[in-house]
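So the structure is just underneath, and the comments pick up after that.
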Amino acid sequence: MAGLRSLLVCIVVVAATIVIPTSAQLSATFYNRVCPKALPAIRSVVKQAIFHEPRIGASLLRLHFHDCFVNGCDGSILLDDTSSFTGEKTAFPNANSVRGFDVIDDIKNAVDKACKGSVVSCADILAVAARDSVFLLGGPYYEVQLGRRDARNASVNDANRNLPPPSFSFSQLLSNFQAHGLNLKDLVVLSAAHTIGLARCTSFRARIYNDTNIDPKFAASAKYNCPTTGGDNNTRPLDSTTRQFDNVYFKALLQQKGLLHSDQELYKNNGTDSDKLVLKYSRNSESFAKDFANSMINMGNIKPSLGIMEK
């Protein structure tokens, strides 16, 4: 039922708004006048959710990423299937994988109550919840740009085409990010979202059994809970400090302990620009935090649909 509720409340936001002129731009102060209580309401629900389950912070961050990489940051990942379209939830990268829809529903209810109506779009809620998750788990705080309009349809095929799988090579990853208007730095720094959260056995099985650029003891440890067959939904932390947003992710890559094939592809110890960025961030946590914040803003600017109506 959580997904259905998300579908309904997001469509309400679209239907109840008046279109702002096309010259409108995303702005960190978009809701300051119409609902100054909106962002505190989001933070409160996210904080409570992370207190009960720290992993949910990674899940909310992932929801925002998976939303933005499919036709822009428009909340379409929240939409359930209808008679006219098959949505993104059943796409291969999302099925039985993306989570946190119930928290988004709780946020939407809290925000609507605080704003006395449907003022804040679900796309903006995803963006703010991702920022708050990062910050509450020890990462940087950054000003989220706001004013997105929610989608009214979604596409399972677009999700399958646009979301990079963990099996991607470096060149495939870079091409995917560039297709979304992002660059090498964005690729490297945003991949470090994997400093929090867990991965399912299905996403790292091929790496621990087939890759050669992996620490043998690390691989053996991962195999314990991820056999060659079965245990698909068994999980393993993406790095050793899975509840703390930090630069340990990059330090692990230097030791060939990236859990996903796509993670380790960022560092091959051959002097590439990607290698240099991994080294930089492994040594300088402040630089990582600053660049991650900037890249999250860049990602949040992927094809936003503008024109949300103020009441």
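Quick caveat: nothing in here was measured; it's all calculated off a predicted structure.
For Gln244 (side chain) and Thr241 (main-chain N/O), no donor-acceptor pair under 3.5 Å exists by modelled atom type. No donor-acceptor pair closer than 3.5 Å links the side chain of Gln178 to the backbone N or O of Gly181. With hydrogens and angles disregarded, no donor-acceptor distance shorter than 3.5 Å links the side chain of Gln264 to the backbone of Asn213. Judged by distance alone, with hydrogens and angles left aside, the side-chain atoms of His64 form no donor-acceptor pair with the main-chain N or O of Leu60 at under 3.5 Å. A donor-acceptor pair under 3.5 Å is formed between the side chain of Asn160 and the backbone N or O of Phe92. Between the side chain of Asn284 and the backbone N or O of Tyr281 there is no donor-acceptor pair closer than 3.5 Å. One N or O on the side chain of Thr242 and one on the backbone of Gly197 form a donor-acceptor pair closer than 3.5 Å.
Atom-to-atom distance recorded for Leu126:CG and Cys73:SG is 9.0 Å, nearest 0.5 angstrom. Taking OG of Ser203 as the start and CG of Leu259 as the end, the distance is 6.5 Å to the nearest 0.5 Å. Within the model, atoms CG of Asp263 and OH of Tyr249 stand 3.5 Å from one another, a figure rounded to the nearest 0.5 Å. We find the CG-CG distance between Leu266 and Leu184 to be 8.5 Å, quoted to the nearest 0.5 Å. With values rounded to the nearest 0.5 angstrom, Lys217 atom NZ is found 14.5 Å from Gln256 atom CD. With values rounded to the nearest 0.5 angstrom, Asn234 atom CG is found 6.0 Å from Cys201 atom SG.
Between Glu88 and Ser76, the side chains place a donor N or O and an acceptor N or O closer than 3.5 Å (distance only, hydrogens not considered). Side-chain polar atoms of Asp239 and Thr195 form a donor-acceptor pair below 3.5 angstrom. Using a 3.5 Å distance cut-off with no hydrogens or angles, the side chains of Ser274 and Thr272 do not pair a donor with an acceptor. For the residue pair Ser262 and Glu265, no side-chain donor N or O sits within less than 3.5 Å of a side-chain acceptor on the partner. Side chains of Tyr142 and Asn294: a donor-acceptor N/O pair is absent below 3.5 angstrom, by distance only. Of the N and O atoms on the side chains of Thr86 and Asp81, not one donor lies less than 3.5 Å from an acceptor on the other residue.
The local environment of OH in Tyr141 is crowded, with over 12 non-hydrogen atoms from other residues, nucleotides or ligands closer than 6.0 Å. In this structure, Asp215 places its CG atom where more than 12 heavy-atom neighbours from other residues, nucleotides or ligands lie under 6.0 Å away.
A pairwise comparison of heavy atoms in Ala193 and Leu61 identifies CB-CD2, 3.6 Å as the closest pair. When all heavy atoms of Asp124 and Gly147 are compared, the pair lying nearest together is OD2-N, 2.9 Å. In terms of heavy atoms, Asp150 sits closest to Gly75 at OD1-CA, 4.4 Å. The shortest heavy-atom contact between Gly87 and Val156 is O-CB, 3.1 Å. Contact detail for Phe204 and Ala199: the closest heavy-atom pair is CE2-O, 3.4 Å.
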What side-chain donor-acceptor pairs closer than 3.5 Å can you find for residues 45-56, not counting sequence neighbours?
from  : atom 1 : to    : atom 2 : distance (Å)
Glu53 : OE1    : Arg99 : NH2    : 3.3
Glu53 : OE2    : Arg99 : NH1    : 3.3
Glu53 : OE2    : Arg99 : NH2    : 2.7

Under 3.5 Å, sequence neighbours excluded: what are the donor-acceptor pairs made by side chains of residues 161-168?
from   : atom 1 : to     : atom 2 : distance (Å)
Arg161 : NH2    : Asp158 : OD1    : 2.3
Asn162 : ND2    : Asp158 : O      : 2.7

Indicate every side-chain donor-acceptor pair of residues 220-230 with a distance under 3.5 Å to a residue at least two apart or in another chain.
from   : atom 1 : to     : atom 2 : distance (Å)
Ser221 : OG     : Arg236 : NH1    : 3.3
Ser221 : OG     : Arg236 : NH2    : 3.4
Asn225 : ND2    : Thr235 : O      : 3.2

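Ring centers of Phe245 and Phe292: under 6.0 Å apart, within the cut-off. Residues Phe69 and Phe177 bring their aromatic ring centres within 6.0 Å.
Judged by a 6.0 Å distance limit and a 45° cone about the ring axis, Lys89 is positioned over the six-membered ring of Phe101.
A chain of hydrophobic side-chain contacts below 4.5 Å, direct or via other Ile, Leu, Val, Met, Phe, Trp or Tyr residues, connects Ile104 to Phe65.
In this structure, Arg205 pairs ionically with Asp232, as a charged nitrogen and a carboxylate oxygen lie closer than 4.0 Å.
When side chains are defined from C-beta on, Tyr31 does not count as touching Lys37, because their heavy atoms never get closer than 4.5 Å.
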